[in-house]
Chemist: 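One structure follows; several queries about it will come next.
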Amino acid sequence: MEGIAIGLSSNSKETLKRLKKTEFIKEIFIASSSKDVEIENELVKIEKPREILLRKWSEVDLIIFIGSIGASIRLINSFLTSKDKDPGVIVIDNKCSTIVPIIGSHQSNTQNIAFQISSLFGSQIIETNNSNNQRFLNLDSFGNQWGWKRSGKIENWSKLVIKQAKDEKIFCKQLSGNSLWKTTESGYVINQIKEKDVEKKESTFHVSIFDYHEKTWHPPVLWIGIGCERNTTKEFIANSLNNFLASGNLSHQSIAGFATIDIKKDEEGILKLAEENNLPIKFFTKEDLSKIIVPNPSSKVQKEIGVSSVAEASCLMAAGDKSKLLKEKKIFKNKDLSTSKSGAVTIAIAESKNQYFPSNGEIHIIGSGPGDISFLTNNARKALSKCTVWIGYKMYLDLIKNLKRSDQVLIESKLTEEKERCSKAIKLAEEGIKVALISSGESGFYGMAGLLLELLQEIKLEYRPYFEIHPGISSLQLAAALSGAPLMNDFCTISLSDKLTPWSVIEKRIKGALSGDFVIVFFNPQSIERNWQLKSSIDLCLEYRHEDTPVLIARQLGRENQSKKFFTLKTIPFKEIDMLSIIIIGNSQTTLKDKILITPRGYLQK
């Protein structure tokens with residue numbers, strides 16, 4: 001995605017700077033008619049809008065105007081050509097209160113970007129197309145969210161969209177790829193037809209690996225196994241592959257990647273082909289390939305490199321469990337060394353059960369804050385807008401599900417299924433899908449961030465999907481704010497759950513915090529199963545601190561039944577404390593006066 005932003009007045013400077021920090025905007029400009037000529041610098045350029053558009057219109061994917069819709073439309077009017085060629089256009093008013101996507105809501109990622117900017121700025125988005133007004137599925141763009149690529153004339157897709165706008169029935173025949181989209185509110189209304197069912201051509205789109213339909217989304221599920229003579233040219237390999245795909249009516253857009261034996265890691269023709277198509281290559285050892293049963297083993301290949309199959313074995317191995325060999329190997333030869341298409345190549349194709357497009361997938365680890373949706377940061381809201389799938393513990397998802405659009409999916413899980421949630425997020429991201437992994441509070445405080453990153457590190461760096469951690473407001477921050485300022489000096493947090501950390505270690509940490517006179521915050525203080533650790537911890541505290549040391553017990557923070565109560569070490573009501581509670585224990589300097597808890601920083605002692 002490459003985009004520019006143009007401010008139509010000098011008042012837009014700060015908004016332009018904020019947009020420049022996003023991943024969609026590369027350059028920012030202010031219209032040269034602006035009276036403030038001193039604002040130009042390396043970051044903000046001053047230029048006439050028409051001259052900017054003359055240079056950039058055909059090069060960029062997105063243009064954002066800061067100013068009036070009328071002026072923006074007059075500027076772009078003479079540049080408009082067709083839906084599939086024009087960049088997306090978004091207009092934002094000078095106060096950043098309203099965002100209007102006016103061009104490219106279907107054919108590009110414009111609409112989703114508008115949602116992200118709306119979340120980031122806390123703005124209202126005005127949607128003008130039928131898909132959003134009536135919760136329709138964006139038939140000609142929704143596949144981008146699922147890691148798919150589209151084929152077919154834009155006119156045919158437009159006719160399908162018009163039928164949908166007229167409330168006619170729309171049908172889908174899906175033969176491959178992820179089918180989670182069908183569970184979305186907008187996907188649920190699409191009529192699904194089976195492979196052998198008779199279809200209404202004008203009202204049907206396909207999701208498949210084949211290229212003989214008018215309107216198709218192509219999931220990346222095909223693995224191309226390649227074996228070749230040394231120094232076979234890229235051109236010959238590419239030409240052979242195109243012929244091989246055409247012979248089976250298979251779409252080039254469904255290719256997930258290439259696979260071969262590791263002795264080909266320096267084979268220039270294969271490397272260049274993969275690079276030009278922006279596709280991964282998986283290399284396998286002969287020991288790995290020898291484990292794969294293939295229909296056409298070769299004694300000649302066995303004698304030369306020590307394994308009987310490269311093309312068939314490698315594509316099956318790359319495709320993974322439950323894959324099938326779609327096209328058995330075929331050998332292509334050209335011994336005319338005077339041409340650029342020389343050499344010999346063997347190609348086979350396997351279809352994977354799962355998509356593979358990790359360079360398109362993303363995982364956004366989001367701290368949703370301590371309950372109420374008002375504590376969710378704009379940065380987190382932007383990430384949620386971007387992600388097609390949200391994964392999390394049901395109670396946490398319930399708190400933010402009002403933000404979900406009709407084209408997004410919630411995957412709920414139980415409290416103890418942390419590893420399963422992370423593994424699911426990684427799998428979907430590897431398929432080319434953008435995923436939000438939700439934790440309450442701050443994901444890096446006893447949340448999902450650490451586990452997710454540990455699992456990601458098990459994947460080779462070149463195959464690893466992009467990830468980003470979006471910080472959230474922790475319950476300890478809210479507890480402190482509700483009670484006063486108990487964390488003004490050094491403090492530490494300790495989880496009393498010994499499910500993952502031995503109690504002996506927890507006990508040692510408590511003693512260290514007490515001897516260092518830290519304010520202590522206890523997380524996960526007590527459950528039905530763990531009913532003795534809190535009492536033991538308080539007994540330890542009483543060995544180091546006075547029994548009148550002030551204590552805050554806050555419960556259900558950020559939720560309807562939120563409560564805060566003050567006690568001392570000797571008066572803690574153990575029966576009232578559970579996993580929804582957080583405890584702050586003051587240090588030797590902490591005071592409680594007029595129901596205000598303070599740990600002095602020391603300013604008044606200067």
Side-chain angles (χ1 to χ4, degrees), residues 367 370 415-416 418 439-451 454 473-557 563-592 597-602:
L415 186 60
T416 58
E418 291 86 359
S439 289
S440 67
E442 155 56 30
S443 66
F445 293 179
Y446 311 113
M448 304 298 293
L451 174 57
E454 286 183 273
I473 296 173
S474 171
S475 57
L476 78 88
Q477 293 169 276
L478 181 55
L482 289 171
S483 63
L487 307 181
M488 280 294 292
N489 217 314
D490 297 333
F491 67 92
C492 69
T493 66
I494 298 175
S495 170
L496 297 187
S497 172
D498 58 356
K499 287 189 173 181
L500 299 174
T501 305
W503 180 252
S504 60
V505 175
I506 296 172
E507 193 173 46
K508 186 184 296 183
R509 290 172 181 171
I510 295 171
K511 289 178 180 178
L514 289 167
S515 63
D517 200 26
F518 286 84
V519 173
I520 301 175
V521 183
F522 283 149
F523 279 83
N524 306 317
Q526 188 166 260
S527 67
I528 295 174
E529 295 176 350
R530 295 185 300 101
N531 54 15
W532 60 268
Q533 287 91 338
L534 176 59
K535 179 65 167 60
S536 178
S537 300
I538 299 302
D539 288 343
L540 265 179
C541 291
L542 285 167
E543 292 180 17
Y544 287 80
R545 293 188 184 170
H546 195 275
E547 62 182 16
D548 290 329
T549 300
V551 174
L552 168 73
I553 297 177
R555 190 175 181 279
Q556 289 275 34
L557 287 162
S563 66
K564 64 170 184 178
K565 295 180 181 179
F566 296 105
F567 300 93
T568 65
L569 280 175
K570 69 177 179 181
T571 62
I572 291 177
F574 294 100
K575 291 183 180 180
E576 295 180 16
I577 298 170
D578 57 17
M579 288 290 285
L580 298 175
S581 306
I582 187 169
I583 301 173
I584 298 181
I585 298 173
N587 69 5
S588 62
Q589 303 300 310
T590 305
T591 62
L592 177 63
L597 194 62
I598 301 175
T599 302
R601 178 68 171 154

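Reckoned from all heavy atoms, side chains included, excluding hydrogens, waters and symmetry mates. Being a predicted model, the structure only gives us computed values, none of them experimental.
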Chemist: Taking distance alone, no hydrogens or angles, what donor-acceptor pairs closer than 3.5 Å link side-chain atoms of residues 500-513 to residues at least two apart or in another chain?
Modeler:
none

Chemist: Enumerate the residue pairs fulfilling salt bridge (Lys or Arg N to Asp or Glu O under 4.0 Å) with a member in residues 569-587, sequence neighbours excluded, ordered by first and then second residue.
Modeler: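 Qualifying pairs, neighbours excluded: Glu547-Lys570, Asp548-Lys570, Arg555-Asp578, Lys565-Glu576.
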Chemist: Can you name the closest pair of heavy atoms from Ile584 and Ala479 and give their distance?
Modeler: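 Heavy-atom minimum between the residues: CD1-CB, 4.1 Å.
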Chemist: What do the steps show when you test Ile598 against Leu592 for side-chain contact (heavy atoms from CB on, under 4.5 Å), and what is the final call?
Modeler: CA-CA 7 Å; Ile598 301 175; Leu592 177 63; over 6 Å; no
Chemist: Apply side-chain contact (heavy atoms from CB on, under 4.5 Å) to residues Val521 and Leu487 and explain how you reach the verdict.
Modeler: CA-CA 9 Å; Val521 183; Leu487 307 181; 4.1 Å; yes
Chemist: Could you give the distance from OG (Ser475) to CG (Leu580), rounded to the nearest 0.5 Å?
Modeler: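 Spacing of OG (Ser475) from CG (Leu580) equals 10.5 Å.
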Chemist: Can a side-chain donor-acceptor contact be found between Thr493 and Tyr446 if the only test is distance below 3.5 angstrom?
Modeler: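 Looking only at side-chain atoms, Thr493 and Tyr446 do form a donor-acceptor pair, the distance falling under 3.5 Å.
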Chemist: So which atom in Ala485 and which in Met488 form the shortest heavy-atom distance, rounded to 0.1 Å?
Modeler: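 Of all heavy-atom pairs spanning Ala485 and Met488, the closest is O-CG, 3.4 Å.
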Chemist: Cut-off 3.5 Å, side chains only: do Asn531 and Gln526 have a donor facing an acceptor?
Modeler: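 No, because no side-chain N or O of Asn531 sits under 3.5 Å from a partner of the opposite role on Gln526.
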Chemist: Could you tell me which non-hydrogen atom of Ile577 sits nearest to which non-hydrogen atom of Pro525, and how far apart they are?
Modeler: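 So the minimum-distance heavy-atom pair works out to CG2-CG, 3.6 Å.
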Chemist: Suppose we call two aromatic rings close when their centres sit under 6.0 Å apart. Are Phe491 and Phe518 close by that rule?
Modeler: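 So the answer is no for these two rings.
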Chemist: How long is the gap from CZ on Phe522 to CD1 on Ile582, to the nearest 0.5 Å?
Modeler: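 It is 11.5 Å, given to the nearest 0.5 Å.
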Chemist: Do we see a donor-acceptor contact under 3.5 Å between the side chains of Asn489 and Thr599?
Modeler: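 Thr599 and Asn489 do not have a side-chain donor-acceptor pair below 3.5 Å.
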Chemist: For the residue pair Cys541 and Thr549, establish whether any side-chain heavy-atom pair is separated by less than 4.5 Å.
Modeler: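 They are not in side-chain contact.
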